[in-house]
There are 2 protein chains.
Amino acid sequence: MGETGKSDARQRNQTRFWLSVLRLHSDIFAELNKRMQDEVGLSLAKFDAMAQLARTPEGISMGQLSSALKVSNGNVSGLVTRLIKDGLVIKAMSTEDRRSFSARLTDSGEQKFLMARDAHNSILADILQQVPDEDLTAANTALREILEEMHAGDALG
Amino acid sequence: MGETGKSDARQRNQTRFWLSVLRLHSDIFAELNKRMQDEVGLSLAKFDAMAQLARTPEGISMGQLSSALKVSNGNVSGLVTRLIKDGLVIKAMSTEDRRSFSARLTDSGEQKFLMARDAHNSILADILQQVPDEDLTAANTALREILEEMHAGDALG
DNA sequence: TTGACTTACTTTACATATAAAATTATCCAT
DNA sequence: ATGGATAATTTTATATGTAAAGTAAGTCAA
């Protein structure tokens, strides 16, 4: 005995941490996604894609978009198809490489993104309204630290 | 001026927090899900459902399972169907209420869950191997605090 | 009892995600 | 130039998730 004691405490700590992250993500995501859909007609997936496109007004390739969003190529393919159907995004064939496509926001997409960004901020403010600044700051410090440590290794694929 | 100063800092704090939660969730989820699939042939969705079923060996109704997992009824319906096809779960019609079904793990499901739980713990340990105990503890404290504050209101639906 | 409501669950239509195969275009060594 | 490897993207099959409609069973007032 004694050998497993420290290990078990560590394991409980890890599990507690993961459960907290899961719970926070699930609670915030559900509310934010639902209200974004209701208030501006955009899912978070679409909003995230548009946010990346807004950062690169000159256009961005499907592959780069997929890397930036950290989702699969196939997923981006469908997402962009739906955004095009919504009239928010356009795709142009690259002049240099005919395999490649450059996507960017339409004018209407740009306008919608600006409204959506404001809505996103104010919904998040609602969700976190009971959380004091110092608690947010403490969490930010702790989470940034853990993200850095996780990627120092890098145990992640 | 002066009016928006505090508000903007708060907003940045909120956004930073949400981005950190998103990133942590995405990084850990992707790795944990993939390795659980590779090493024990279970997605996290299936593992989570089995964990709940393991907690209630006497059986649990579809509706209670859906509440416990915080996912929709329709989702649980499909998830349980797939787990039954895998031979890990069985469903029996309730004797009191013929609308209701009680789901529980099969013997094979119980055994698989015990292995899966060990795998889950050790994969999580791998992912967090570079994170010192005190950093996990600090994050746990900060996150629990925020979860409580969020649900104090309750701004969440 | 009957008829209205509620409850438990499934089904359907769709969005979002992955992995793997398919497609098409480019590049490079010969 | 040709042929084989590589690269960018789409397509397909499947899992996971929601919301909304559908089905069937229980409840309860009159």
Side-chain angles (χ1 to χ4, degrees), chain A residues 22 25-38 41-50 52 59-86 88-89 91-103 157, chain B residues 22 25-38 41-50 52 59-86 88-89 91-103 157:
Chain A
L22 266 183
H25 178 269
S26 151
D27 289 355
I28 300 177
F29 186 93
E31 180 76 4
L32 195 50
N33 196 48
K34 184 179 185 318
R35 288 190 53 189
M36 284 294 282
Q37 190 62 252
D38 290 350
L42 286 180
S43 63
L44 277 182
K46 284 180 177 174
F47 175 75
D48 288 349
M50 289 176 75
Q52 182 53 52
I60 186 177
S61 73
M62 296 291 105
Q64 287 174 312
L65 187 52
S66 135
S67 301
L69 299 175
K70 308 224 285 178
V71 298
S72 65
N73 284 345
N75 187 8
V76 161
S77 224
L79 196 47
V80 167
T81 297
R82 291 190 294 275
L83 284 167
I84 290 172
K85 198 161 62 182
D86 296 341
L88 302 171
V89 167
K91 217 165 72 171
M93 193 182 280
S94 160
T95 46
E96 309 122 16
D97 185 340
R98 278 182 306 166
R99 291 168 305 181
S100 189
F101 295 92
S102 189
Chain B
L22 265 184
H25 177 269
S26 152
D27 288 355
I28 300 177
F29 185 94
E31 179 76 4
L32 196 50
N33 197 46
K34 186 181 184 315
R35 287 190 53 188
M36 284 294 282
Q37 190 61 251
D38 290 350
L42 287 179
S43 64
L44 276 183
K46 284 180 177 175
F47 175 74
D48 288 348
M50 290 175 74
Q52 183 53 51
I60 186 178
S61 74
M62 297 291 105
Q64 287 174 312
L65 187 52
S66 136
S67 300
L69 299 175
K70 306 222 287 178
V71 298
S72 65
N73 284 346
N75 187 7
V76 160
S77 225
L79 196 47
V80 168
T81 298
R82 292 190 294 275
L83 285 166
I84 289 172
K85 198 162 62 181
D86 297 340
L88 301 171
V89 166
K91 216 165 73 169
M93 193 181 281
S94 160
T95 47
E96 309 122 17
D97 186 339
R98 278 182 307 165
R99 291 168 305 178
S100 189
F101 295 93
S102 187

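Labels below follow one simple rule: chain letters A, B, ... track the order of the sequence lines, proteins then strands, and each chain is numbered from 1. All heavy atoms count here, side chains included; hydrogens, waters and symmetry mates do not.
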| Are a donor atom and an acceptor atom from the side chains of A:S67 and A:Q64 found within less than 3.5 Å of each other? | no
| said: Please report the distance, rounded to the nearest Å, between CD in A:E31 and P in D:dT18. | reply: 14 Å
| field | Set of side chain to side chain contact (heavy atoms under 4.5 Å, CB included) partners for A:L22, sequence neighbours left out | value | A:W18, A:L19, B:H25
| request: Quick one: list whatever passes salt bridge (charged side-chain N to carboxylate O under 4.0 Å, His left out) with A:R98, sequence neighbours left out. | output: none
| request: On DNA chain C, reading 5' to 3', which nucleotide is the first and which the last to sit with an atom under 4.0 Å from a heavy atom of chain B, could you check? | output: C:dT7 to C:dT11
| task | Treat primed atoms plus P, OP1 and OP2 as sugar-phosphate and everything else as base, then score nucleotides 3-15 of chain D 5' to 3': B for base contact with protein heavy atoms under 4.0 Å, S for sugar-phosphate contact only, - for none. | result | ----BSBBB---S
| Partner residues of B:Q37 under the side chain to side chain contact (heavy atoms under 4.5 Å, CB included) criterion, sequence neighbours left out | B:S43
| query | Residues two or more places apart in sequence or in another chain: which of them pass side chain to side chain donor-acceptor pair (under 3.5 Å) with B:K91? | reply | none
| query | Does B:S66 have any side chain to side chain donor-acceptor pair (under 3.5 Å) partners at least two apart in sequence or in another chain, and if so, which? | reply | B:N73
| task | Could you tell me the separation between the NZ atom of B:K70 and the P atom of D:dA19, rounded to a whole number of Å? | result | 14 Å
| By side chain to side chain donor-acceptor pair (under 3.5 Å), which residues pair with B:N75, not counting sequence neighbours? | none
| field | All side chain to side chain donor-acceptor pair (under 3.5 Å) counterparts of B:S102, not counting sequence neighbours | value | none
